[in-house]
Amino acid sequence: MSAALIDGKAFAATLRAKVAGYAATFEQSAGRKAGLAVVLVGDDPASQVYVRSKGKATTECGMAGFEHKLPDDTAEDVLLVLIARLNADPAVDGILVQLPLPPHINEQKVIAAIDPDKDVDGFNVVNVGRLATGLHGFVPCTPLGCLMLLKDRLGDLSGLDVVVIGRSNIVGKPMAQLLLKESCTVTIAHSRTKDLPEVVRRADIVVAAVGRPEMVKGSWLKPGATVIDVGINRLPPVEGENRGRLVGDVDFASAAEVAGAITPVPGGVGPMTIAVLLRNTLVAAHRNARVALAKDAL
Ligand code: GUN
């Protein structure tokens, strides 16, 4: 392996420590803790794990966590009433509704009901629009975490060729917007892209967010490229394994031979998502309580 490892776990730990420091100062100035409400509908095991980690991380960095667990058959109206209550609650700075929601609930309607200034996930169309037009707003946590890792590694990104593989609202599209704002030349590739390996070979930076285990091969990469792997896929267990291995969307072994730097899975992008969520919540708290926060503090 010749690529440098991009240590998202260490970067996220540093960011969380910084958030904890500012959270303590915030509490002194505002006379209350910054607060994050997390809403989970149903009993999807993966979502339960995510929600538990988000709650734990929130209290660990000195903020107040409010968990709302609702049964799978919760009516949409009941969820909308809860969101209205959280919007009006001055102790709540950030609201996160864990996705996916059960199929009888309209996800877009629920996200639209969240006060854009408490939408720490950055999924509300107001924040999507703010990002697209260059206004201040909340940016989705995973792509913002990827951008932080890229800037830490490469410094100025302007003029670089980037290929983002995947066009989801949560990662692909906001990632492309963020990189455009950094003056990159951005291509968004997806399942219908013709000759994906040839498109990827032009890129100085590759962000893989497709949800296909080990799809991007080392032979697709420009030598020295920086590779950000957003995928978290569990392979079926092979003999002797209890659970299958976790792998990304990039074939790590071959990519690490060609790339200049690469995020591992696990320990790359994954830990950044919660760290940025805490960061967004603290930014929301300062805005909501009208307490100043230095522009580039976090
Ligand atoms: N489900 C998977 N990723 C996310 C995320 O970043 N935010 C929310 N709310 N749900 C998710």
Side-chain angles (χ1 to χ4, degrees), residues 19 23 26-27 30-132 135-142 144 168-171 173-174 273-274 276-291:
V19 169
F26 174 83
E27 189 176 350
R32 66 168 180 88
K33 287 181 191 291
L36 173 65
V38 177
V39 181
L40 173 64
V41 185
D43 39 25
D44 175 67
S47 292
Q48 282 179 331
V49 172
Y50 288 135
V51 166
R52 212 174 307 127
S53 338
K54 286 170 185 172
K56 189 164 165 271
T58 306
T59 47
E60 271 174 10
C61 77
M63 304 200 275
F66 308 100
E67 233 176 69
H68 296 269
K69 288 190 176 169
L70 304 178
D72 191 62
D73 60 356
T74 299
E76 188 179 275
D77 283 355
V78 172
L79 180 56
L80 292 172
V81 168
L82 171 62
I83 290 175
R85 196 153 60 73
L86 297 172
N87 283 341
D89 185 345
V92 172
D93 297 296
I95 303 170
L96 179 148
V97 177
Q98 185 66 29
L99 304 179
L101 287 168
H104 68 279
I105 297 180
N106 181 334
E107 235 163 59
Q108 283 309 322
K109 201 167 160 186
V110 170
I111 293 169
I114 299 172
D115 177 345
D117 295 329
K118 295 192 177 189
D119 171 38
V120 285
D121 254 333
F123 294 166
N124 183 296
V125 287
V126 171
N127 284 314
V128 175
R130 285 171 173 162
L131 176 62
L135 295 173
H136 277 294
F138 291 107
V139 175
C141 303
T142 302
L144 183 53
S168 71
N169 291 337
I170 294 184
V171 184
K173 286 184 211 162
T273 300
I274 289 185
V276 174
L277 172 67
L278 301 172
R279 179 245 176 230
N280 283 358
T281 303
L282 198 61
V283 170
H286 282 80
R287 284 190 203 155
N288 294 341
R290 300 196 159 63
V291 171

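- A distance of 8.5 Å separates CG of D121 from OG1 of T142, quoted to the nearest 0.5 Å.
- Listed here is the closest heavy atom pair of N124 and V126: OD1-N, 2.8 Å.
- The main-chain N or O of I114 is never found under 3.5 Å from a side-chain atom of D119 such that the two would form a donor-acceptor pair.
- Here the closest non-hydrogen pair linking N169 and K173 is OD1-NZ, 2.8 Å.
- The structure places CG of L40 at 10.0 Å from CZ of R52, a figure rounded to the nearest 0.5 Å.
- A distance of 11.0 Å separates CG of L101 from CG of D44, quoted to the nearest 0.5 Å.
- Atom-to-atom distance recorded for E60:CD and I274:CD1 is 9.5 Å, nearest 0.5 angstrom.
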Candidate pair F138 and V283, rule side chain to side chain contact (heavy atoms under 4.5 Å, CB included), full reasoning: CA-CA 9 Å; F138 291 107; V283 170; 4.3 Å; yes
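- Looking at heavy atoms from C-beta onward, T58 lies out of side-chain contact with T281 at the 4.5 angstrom threshold.
- Pairing each heavy atom of T59 with each of G65, the nearest pair is CG2-N, 4.3 Å.
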Pair F26-V291, side chain to side chain contact (heavy atoms under 4.5 Å, CB included): steps then yes or no: CA-CA 8 Å; F26 174 83; V291 171; 4.1 Å; yes
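- The distance from atom NZ of K54 to atom OG of S47, rounded to the nearest 0.5 Å, is 8.0 Å.
- For the pair N87 (side chain) and A113 (backbone), a donor-acceptor distance under 3.5 Å is present.
- Looking only at distances, no side-chain donor or acceptor of H68 sits under 3.5 Å from a matching main-chain atom of V41.
- A heavy-atom distance below 4.5 Å is found between the side chains of F123 and L99.
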Give the intermediate values and the outcome of side chain to side chain contact (heavy atoms under 4.5 Å, CB included) for residues L36 and L277. CA-CA 9 Å; L36 173 65; L277 172 67; 3.9 Å; yes
Pair N280-L144, side chain to side chain contact (heavy atoms under 4.5 Å, CB included): steps then yes or no: CA-CA 10 Å; N280 283 358; L144 183 53; 4.0 Å; yes
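- Taking a 6.0 Å sphere around NE2 of H136, one finds it holds 12 or fewer heavy atoms contributed by other residues, nucleotides or ligands.
- Taking both residues in full, the closest heavy atoms of L282 and M63 are given as CD1-SD, 4.0 Å, listed atom of the first, atom of the second, then distance.
- Closest approach of L86 to K118, counting heavy atoms only: O-NZ, 3.0 Å.
- When side chains are defined from C-beta on, R85 does not count as touching V92, because their heavy atoms never get closer than 4.5 Å.
- Counted within 6.0 Å of CZ on F66, heavy atoms from surrounding residues, nucleotides or ligands total more than 12; the atom is thus considered enclosed.
- When all heavy atoms of N106 and E76 are compared, the closest pair comes out as N-OE1, 2.8 Å.
- Between the side chain of N127 and the backbone N or O of P116 there is at least one donor-acceptor pair closer than 3.5 Å.
- In this structure, the separation between CZ on R32 and CG on D93 is 4.0 Å, given to the nearest 0.5 Å.
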